[in-house]
Amino acid sequence: MATATSYVTSPPPLKNELDIVIPTIRNLDFLEMWRPFFEPYHLIIVQDGDPTKTIKVPPGFDYELYNRNDINKLLGPRASCISFKDSACRCFGYMVSKKKYIFTIDDDCFVASEPSGKKINALEQHIKNLLCPSTPYFFNTLYDPFREGADYVRGYPFSLREGAPTAVSHGLWLNIPDYDAPTQLVKPLERNTRYVDAVLTIPKGTLFPMCGMNLAFDRDLIGPAMYFGLMGDGQPIGRYDDMWAGWCCKVICDHLGLGIKTGLPYIYHSKASNPFVNLRKEYKGIFWQEDIIPFFQNVVLPKECTTVQKCYIELSKQVKEKLSKIDPYFDKLADAMVTWIEAWDDLNPVGASKANGKA
């Protein structure tokens, strides 16, 4: 006699420990494509632009939505540190989340496919990246030794094989690459079709250009450093929000012994932004980064900086001291970095006394 077989479906990983943060100015129809992967999770939607506009979210999703009025009400005068008319506003979602992990994605990013045609669960891969150690101190030529079918190669020091906690998982994009405006202008038709099946740890002492459209991080380990700066309305620069956060996070991770991974997962970036609009936003940053990057390459954080908040406050002092000579904007940015930490600690009071150096 045939008997019915019961199958136990495993629960989504980190279902109660992860928030998905989405900045947007439009209806979130793109979530339908992501429904099989995102529906079990809680969404934090940060509405940019006109707060009177109604953003429609497909039914079935568990979400909270914040617009500019909500940000002003919750943060009061400190709301000045949250960018307006720029996707940098997403970092407000990081601040109000109460979960250990964050995954953030742009609303023009769709589900990508592996070369075999299998749909990629980007969130699942990010979780794998975050839950396995990184290897920032010694490069493994088989890349991530914790992936199935890989390990540490001959010659890798046994004393370093425990690795370091992973703070950030930086994913990539098929179709539209994340290019700056000058590269967009000279390569308007270029598309990324290369799928590289690899996850790498970015070595200690090496900076990288972080993109915020397909990104996950451990909020407990690095959250206070994920400030996307002052961009957009009223600011002289845009499209450097995620870059700034990435440079700050990297030097702090290096100081605190944390790791950052890049590579898988891929998403499908569906549309290219206007290169002429981008050039207006970026042109000062293109010049400034030639001074900003050497600054970060030479940052030294004192041993007394034992928390992310202490590191970030120290970094803000060095920004004010060394970058303000480039442009007064950096003086304002340094002040906003301090305001960000104050607001973070107000909304996330655990450990706030230590962060402010009162412990």
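Atoms considered below: every heavy atom in the structure, side chains included; atoms not considered: hydrogens, waters and symmetry mates.
Residues satisfying the salt bridge (charged side-chain N to carboxylate O under 4.0 Å, His left out) criterion with Asp197, sequence neighbours excluded, are Arg147. Considering only residues two or more places apart in sequence or on other chains, Ser116 meets the side chain to side chain contact (heavy atoms under 4.5 Å, CB included) condition with Glu114, Lys118. By the salt bridge (charged side-chain N to carboxylate O under 4.0 Å, His left out) test, Glu190 is found to be paired with Lys187, residues two or more places apart in sequence or in another chain being considered. Applying the side chain to side chain contact (heavy atoms under 4.5 Å, CB included) rule to Asn16 yields no partners; only residues at least two apart in sequence or on another chain are considered. The side chain to side chain contact (heavy atoms under 4.5 Å, CB included) search around Ala181 returns Gln184, Asn278, Leu279, Glu282, not counting sequence neighbours. Here Asp106 pairs with Arg90 under the salt bridge (charged side-chain N to carboxylate O under 4.0 Å, His left out) rule; sequence neighbours left out.
Counting only residues at least two apart or in different chains, salt bridge (charged side-chain N to carboxylate O under 4.0 Å, His left out) contacts with residues 241-267 comprise Asp144-Lys261, Lys250-Asp254. Applying the salt bridge (charged side-chain N to carboxylate O under 4.0 Å, His left out) test to residues at least two apart or on different chains, the pairs with a partner in residues 320-331 are Lys320-Asp331, Lys320-Asp335. For residues 170-185, the set of pairs meeting the salt bridge (charged side-chain N to carboxylate O under 4.0 Å, His left out) definition, not counting sequence neighbours, is empty. Pairs passing the salt bridge (charged side-chain N to carboxylate O under 4.0 Å, His left out) check and including a residue from residues 289-306, sequence neighbours excluded, do not occur.
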For residues 154-165, please give each side-chain donor-acceptor pair under 3.5 Å, one per line with the distance, not counting sequence neighbours.
{"from": "Tyr156", "atom 1": "OH", "to": "Phe138", "atom 2": "O", "distance (Å)": "2.7"}
{"from": "Arg161", "atom 1": "NE", "to": "Tyr156", "atom 2": "O", "distance (Å)": "3.2"}
{"from": "Arg161", "atom 1": "NH2", "to": "Tyr156", "atom 2": "O", "distance (Å)": "2.9"}

Please list, one pair per line, the donor and acceptor atoms closer than 3.5 Å that link side chains of residues 200-207 to other protein atoms, with sequence neighbours excluded.
{"from": "Thr201", "atom 1": "OG1", "to": "Thr135", "atom 2": "N", "distance (Å)": "3.0"}
{"from": "Thr201", "atom 1": "OG1", "to": "Thr135", "atom 2": "OG1", "distance (Å)": "3.4"}

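Under the side-chain contact (heavy atoms from CB on, under 4.5 Å) test applied with Phe103, the options Leu215, Leu130, Asn214, Ile22 reduce to a single match, Asn214.
With Tyr266 contributing its side chain and Val196 its backbone, the two residues share a donor-acceptor pair below 3.5 Å. Between the side chain of Asn348 and the backbone N or O of Asp345 there is no donor-acceptor pair closer than 3.5 Å.
In summary, the side chains of Glu64 and Tyr66 do present a donor paired with an acceptor at a separation below 3.5 Å, with no hydrogens or angles considered. For the 3.5 Å distance criterion, the side chains of Asp108 and Ser270 fail to qualify, holding no donor opposite an acceptor. Residues Asn175 and His269 bring no donor and acceptor atom of their side chains to less than 3.5 Å of each other.
Considering every non-hydrogen atom in both His170 and Cys211, the closest pair reads NE2-N, 3.0 Å.
Using bins of under 30°, 30° to 60° and over 60° for the plane-to-plane angle, the ring pair Trp340/Trp344 lands in the tilted bin.
The 12-atom threshold is not exceeded at CZ of Phe287, counting heavy atoms of other residues, nucleotides or ligands nearer than 6.0 Å. By the neighbour-count criterion of 12 heavy atoms within 6.0 Å, atom OH of Tyr268 is sparsely surrounded, having that number or fewer from other residues, nucleotides or ligands.
In this structure, Phe296 has its ring center closer than 6.0 angstrom to the ring center of Trp244.
A distance of 12.0 Å separates CG of Asn27 from CZ of Phe30, quoted to the nearest 0.5 Å. Expressed to the nearest 0.5 Å, how far CD1 of Ile326 lies from CD1 of Ile292 amounts to 6.0 Å.
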